[in-house]
Amino acid sequence: MRTVDRVLIRAPLDRVFALARDVERWPELLPHYRWVRMLERRPDGGRVEMAAWRPFGPPPLRYPAWWVSEMQVEPATPTIRYRHVAGITTGMDVRWEMRDVGGGGGVAVEIVHEWAGPPWPLVGRLVADAVIGPVFVHGIASRTLAGIRRRAEAA
């Protein structure tokens, strides 16, 4: 499974990167996040527990998602990487890349999720490609990018 979500944010790179890396504030900034907890803090990231809602149709239809990731922050590139280590998406690799488009054009942000799927015989990859990736991963990532864009552009 591979999903790619992109957005152009008309704000300075340092503001966008700060919002993207400050995951503990996401629940106050992004209404679909239920909670985010740093389980282990390191200078370059840490172990983070995240929980979000995946809405379906009209409110209040929504499905809870939960995972734990190893987070690595790379300010020089600027990139943020996650490796899911607990939850149904264990083994998923996530990469946030940010690039200043120059000329005051803003910041291009891309989130790539890659995963072989759950370890379910015969159907794991199919479920990841047909449901988990396009419905859950893309559903949450696209809302996260939209919320980061709103906050960065409003500041």
Side-chain angles (χ1 to χ4, degrees), residues 1-55 64-119 124-125 128-129 131-155:
M1 178 219 81
R2 185 173 197 270
T3 66
V4 179
D5 291 275
R6 295 181 181 99
V7 69
L8 178 64
I9 301 177
R10 299 201 181 279
L13 177 59
D14 60 340
R15 182 184 310 152
V16 175
F17 189 70
L19 287 166
R21 77 182 292 175
D22 193 5
V23 295
E24 289 176 291
R25 285 193 57 218
W26 284 10
E28 73 183 69
L29 304 175
L30 308 169
H32 62 291
Y33 270 84
R34 300 184 298 155
W35 73 80
V36 176
R37 297 182 186 114
M38 288 300 287
L39 303 176
E40 178 186 324
R41 193 176 308 277
R42 293 186 300 273
D44 68 340
R47 182 175 287 242
V48 61
E49 176 186 38
M50 296 180 161
W53 292 112
R54 171 51 172 104
W66 171 90
W67 63 98
V68 175
S69 296
E70 290 293 331
M71 176 185 181
Q72 182 179 357
V73 179
E74 302 169 10
T77 37
T79 303
I80 302 169
R81 298 177 192 279
Y82 297 91
R83 173 78 172 176
H84 290 211
V85 296
I88 194 171
T89 54
T90 294
M92 181 180 290
D93 290 311
V94 184
R95 184 179 68 253
W96 283 60
E97 291 185 336
M98 288 154 251
R99 181 179 52 84
D100 191 330
V101 297
V107 179
V109 182
E110 179 177 87
I111 305 176
V112 178
H113 290 80
E114 295 180 304
W115 185 44
R125 183 71 181 218
D129 290 341
V131 179
I132 297 172
V135 175
F136 288 91
V137 172
H138 169 69
I140 292 169
S142 63
R143 285 169 175 80
T144 301
L145 283 176
I148 296 288
R149 180 176 62 199
R150 274 191 308 276
R151 289 297 178 152
E153 292 178 350

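Reckoned from all heavy atoms, side chains included, excluding hydrogens, waters and symmetry mates.
- For Arg15, there are no side-chain hydrogen bond (donor to acceptor under 3.5 Å, both in side chains) partners at least two apart in sequence or on another chain.
- Under the side-chain hydrogen bond (donor to acceptor under 3.5 Å, both in side chains) criterion, Thr90 pairs with no residue at all, not counting sequence neighbours.
- The line from CE of Met1 to CD of Glu114 is 8.0 Å long, rounded to the nearest 0.5 Å.
- With hydrogens and angles disregarded, no donor-acceptor distance shorter than 3.5 Å links the side chain of Arg54 to the backbone of Ala65.
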Quiz: residues 148-155 side-chain donor-acceptor pairs under 3.5 angstrom, not counting sequence neighbours:
unit_1, atom_1, unit_2, atom_2, d
Glu153, OE2, Arg10, N, 2.9

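- Interatomic distance, Leu19 CG to Asp14 CG, rounded to the nearest 0.5 Å: 10.0 Å.
- Considering all non-hydrogen atoms of both residues, His32 and Ile140 come closest at NE2-O, 3.5 Å.
- Every residue meeting the side-chain hydrogen bond (donor to acceptor under 3.5 Å, both in side chains) condition with Asp93, not counting sequence neighbours, appears here in chain and number order: Arg83.
- When the ring-ring contact (aromatic ring centres under 6.0 Å, His included) test is applied to His84, the partners found at least two apart in sequence or on another chain are Trp67.
- The distance from atom CH2 of Trp26 to atom CZ of Arg34, rounded to the nearest 0.5 Å, is 15.0 Å.
- Checking side-chain atoms of Trp115 against main-chain N and O of Asp129 turns up no donor-acceptor pair under 3.5 Å.
- Interatomic distance, CG of Leu29 versus OG1 of Thr144, reported as 11.0 Å (0.5 Å rounding).
- Between Glu24 and Arg41 there is a side-chain heavy-atom pair separated by less than 4.5 Å.
- Judged as a side-chain hydrogen bond (donor to acceptor under 3.5 Å, both in side chains), and not counting sequence neighbours, Arg99 has no contacts.
- Exactly one residue among Gln72, Glu97, Glu74 makes a side chain to side chain donor-acceptor pair (under 3.5 Å) with Arg81. That residue is Glu74.
- Side-chain atoms of Val137 and Met92, non-hydrogen and from C-beta on, do get closer than 4.5 Å to each other.
- The CZ atom of Phe136 lies 11.5 Å from the OG1 atom of Thr89; values are rounded to the nearest 0.5 Å.
- Atoms CE and CD, on Met38 and Glu49 in that order, are 11.5 Å from each other to the nearest 0.5 Å.
- Side-chain contact check for Arg21 versus Pro78: every heavy-atom pair is 4.5 Å or farther apart.
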Could you walk me through whether His138 and Asp5 pass the side chain to side chain contact (heavy atoms under 4.5 Å, CB included) test, one step at a time?
CA-CA 7 Å; His138 169 69; Asp5 291 275; 2.5 Å; yes
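- Each of Val73, Thr77, Asp22, Thr79 was evaluated against Phe17; a single residue qualifies, Val73, per the side chain to side chain contact (heavy atoms under 4.5 Å, CB included) test.
- Side-chain contact between Leu145 and Arg6 is absent, with no heavy-atom pair separated by less than 4.5 Å.
- The side-chain heavy atoms of Leu30 and Arg143, taken from C-beta on, include no pair separated by under 4.5 Å.
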